[in-house]
Enquirer: 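Next up is a structure, given as structure tokens.
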Amino acid sequence: QVQLVESGGGSVQAGGSLRLSCAASGDSYSSYCMGWIRQAPGKEREGVATFDSDGSSSYADSVKGRFTISKDNAKNTLYLQMNSLKPEDTAMYYCAADNQLWVGYCPPGALLTSPYWGQGTQVTVSS
């Protein structure tokens with residue numbers, strides 16, 4: 001059974017950093033498109049960053065240059081390093097995975113309909 005468990009959220013001041021982790025179990029994730037989705041109160045879910053099975057990554061324009069996604073295949077763990085955090089980054093962050101997407105097609109928005117999600121970890125950035 002596919003299971004995704006996020007950790008690493010918390011409260012920081014603007015300009016600070018956090019690193020989110022997503023521990024994956026129940027399958028070999030080497031062929032998955034994996035990434036991070038966030039949802040702020042009263043707003044729609046937004047694809048933040050993805051890591052494709054070919055090692056490529058993609059980012060939403062709102063986080064480019066500030067966030068870095070990476071993956072440790074040996075540990076089946078996905079990471080999101082978030083630097084220069086802004087109050088508008090405040091949201092619940094979810095890890096998501098999809099093994100039905102073509103290799104090379106793994107944009108952040110594609111994971112909004114992915115079949116596998118974690119329970120989420122809260123990130124709060126104060127000004």
Side-chain angles (χ1 to χ4, degrees):
Q1 181 178 357
V2 172
Q3 188 172 21
L4 305 172
V5 180
E6 302 96 334
S7 61
S11 297
V12 296
Q13 290 191 328
S17 299
L18 283 173
R19 189 177 82 153
L20 306 183
S21 299
C22 171
S25 61
D27 200 354
S28 170
Y29 288 86
S30 60
S31 62
Y32 280 66
C33 167
M34 298 185 70
W36 296 90
I37 307 292
R38 68 185 180 186
Q39 186 168 23
K43 295 188 177 181
E44 294 187 354
R45 288 176 176 174
E46 175 190 16
V48 176
T50 53
F51 195 95
D52 203 356
S53 57
D54 63 359
S56 61
S57 57
S58 298
Y59 298 90
D61 288 343
S62 57
V63 306
K64 279 181 181 176
R66 301 188 297 121
F67 291 10
T68 302
I69 190 170
S70 61
K71 186 181 177 190
D72 186 331
N73 285 323
K75 296 182 178 180
N76 259 358
T77 300
L78 186 74
Y79 302 98
L80 185 67
Q81 178 67 44
M82 305 185 295
N83 299 328
S84 302
L85 283 162
K86 304 175 180 180
E88 50 264 43
D89 294 318
T90 295
M92 184 70 79
Y93 284 71
Y94 300 90
C95 178
D98 196 327
N99 61 348
Q100 298 300 311
L101 298 175
W102 293 352
V103 175
Y105 179 73
C106 184
L111 286 181
L112 294 175
T113 56
S114 64
Y116 306 114
W117 290 69
Q119 83 289 349
T121 186
Q122 178 67 37
V123 171
T124 302
V125 185
S126 58
S127 58

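Please read all numbers here as calculations on a predicted model, not as lab measurements.
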Enquirer: Please find the pair of heavy atoms, one from Ser57 and one from Ile69, that lie closest to each other, and give the distance.
Expert: CB-CG2, 3.6 Å
Enquirer: So, do Cys33 and Leu101 sit near enough that their side-chain heavy atoms are less than 4.5 Å apart?
Expert: yes
Enquirer: Does the side chain to side chain contact (heavy atoms under 4.5 Å, CB included) test come out yes or no for Trp36 and Leu111, once each step is laid out?
Expert: CA-CA 8 Å; Trp36 296 90; Leu111 286 181; over 6 Å; no
Enquirer: Ignoring hydrogens and geometry, is there a side-chain-to-backbone donor-acceptor pair from Lys86 to Ser127 under 3.5 Å?
Expert: no
Enquirer: Does Val2 share a hydrophobic cluster with Met34, counting links as ILVMFWY side-chain heavy atoms below 4.5 Å and allowing steps through other members?
Expert: yes
Enquirer: Show your reasoning for whether side chain to side chain contact (heavy atoms under 4.5 Å, CB included) applies to Asp72 and Tyr79.
Expert: CA-CA 8 Å; Asp72 186 331; Tyr79 302 98; 3.9 Å; yes
Enquirer: Is Val48 reachable from Phe51 through a run of hydrophobic residues whose side-chain heavy atoms are each under 4.5 Å from the next?
Expert: yes
Enquirer: Between Glu6 and Gln119 (side chain of the first, backbone of the second, donor and acceptor by atom type, cut-off under 3.5 Å), is there such a pair?
Expert: yes
Enquirer: Can you list the steps and then say if Leu78 with Cys95 is a side chain to side chain contact (heavy atoms under 4.5 Å, CB included)?
Expert: CA-CA 8 Å; Leu78 186 74; Cys95 178; 4.1 Å; yes
Enquirer: Which donor-acceptor pairs under 3.5 Å do the side chains of residues 14-26 make with protein atoms, sequence neighbours left out?
Expert:
unit_1: Ser17; atom_1: OG; unit_2: Asn83; atom_2: OD1; d: 2.9

Enquirer: What salt bridge (charged side-chain N to carboxylate O under 4.0 Å, His left out) pairs are there with at least one residue in residues 30-56, not counting sequence neighbours?
Expert: Arg38-Glu46, Arg38-Asp89
Enquirer: Identify the two heavy atoms, one from Ala91 and one from Ala40, that lie closest to each other, and give their separation to 0.1 Å.
Expert: CB-N, 3.8 Å
Enquirer: Do Thr68 and Met82 come within less than 4.5 Å of each other through their side chains, counting heavy atoms only?
Expert: no
Enquirer: Measure the shortest side-chain to side-chain distance between Tyr116 and Leu4 over non-hydrogen atoms and say whether it is less than 4.5 angstrom.
Expert: yes
Enquirer: With no hydrogens and no angle check, is any side-chain donor or acceptor of Thr90 less than 3.5 Å from a backbone partner on Val125?
Expert: yes
Enquirer: For the residue pair Ala60 and Gly47, what are the closest heavy atoms and their distance?
Expert: CB-O, 3.3 Å
Enquirer: Which heavy-atom pair separates Ala97 from Tyr29 by the least distance, and what is that distance?
Expert: CB-CE2, 4.3 Å
Enquirer: Check whether Ser114 reaches the backbone of Leu112 with its side chain - one donor and one acceptor, N or O, closer than 3.5 Å.
Expert: no
Enquirer: For the residue pair Phe67 and Tyr93, categorise the inter-ring angle as parallel (less than 30°), tilted (30 to 60°) or perpendicular (more than 60°).
Expert: tilted
Enquirer: Can you tell me how far the NZ atom of Lys71 sits from the OG atom of Ser30, to the nearest 0.5 Å?
Expert: 6.5 Å
Enquirer: Which residues pass the side chain to side chain donor-acceptor pair (under 3.5 Å) test with Asp27, not counting sequence neighbours?
Expert: Tyr32
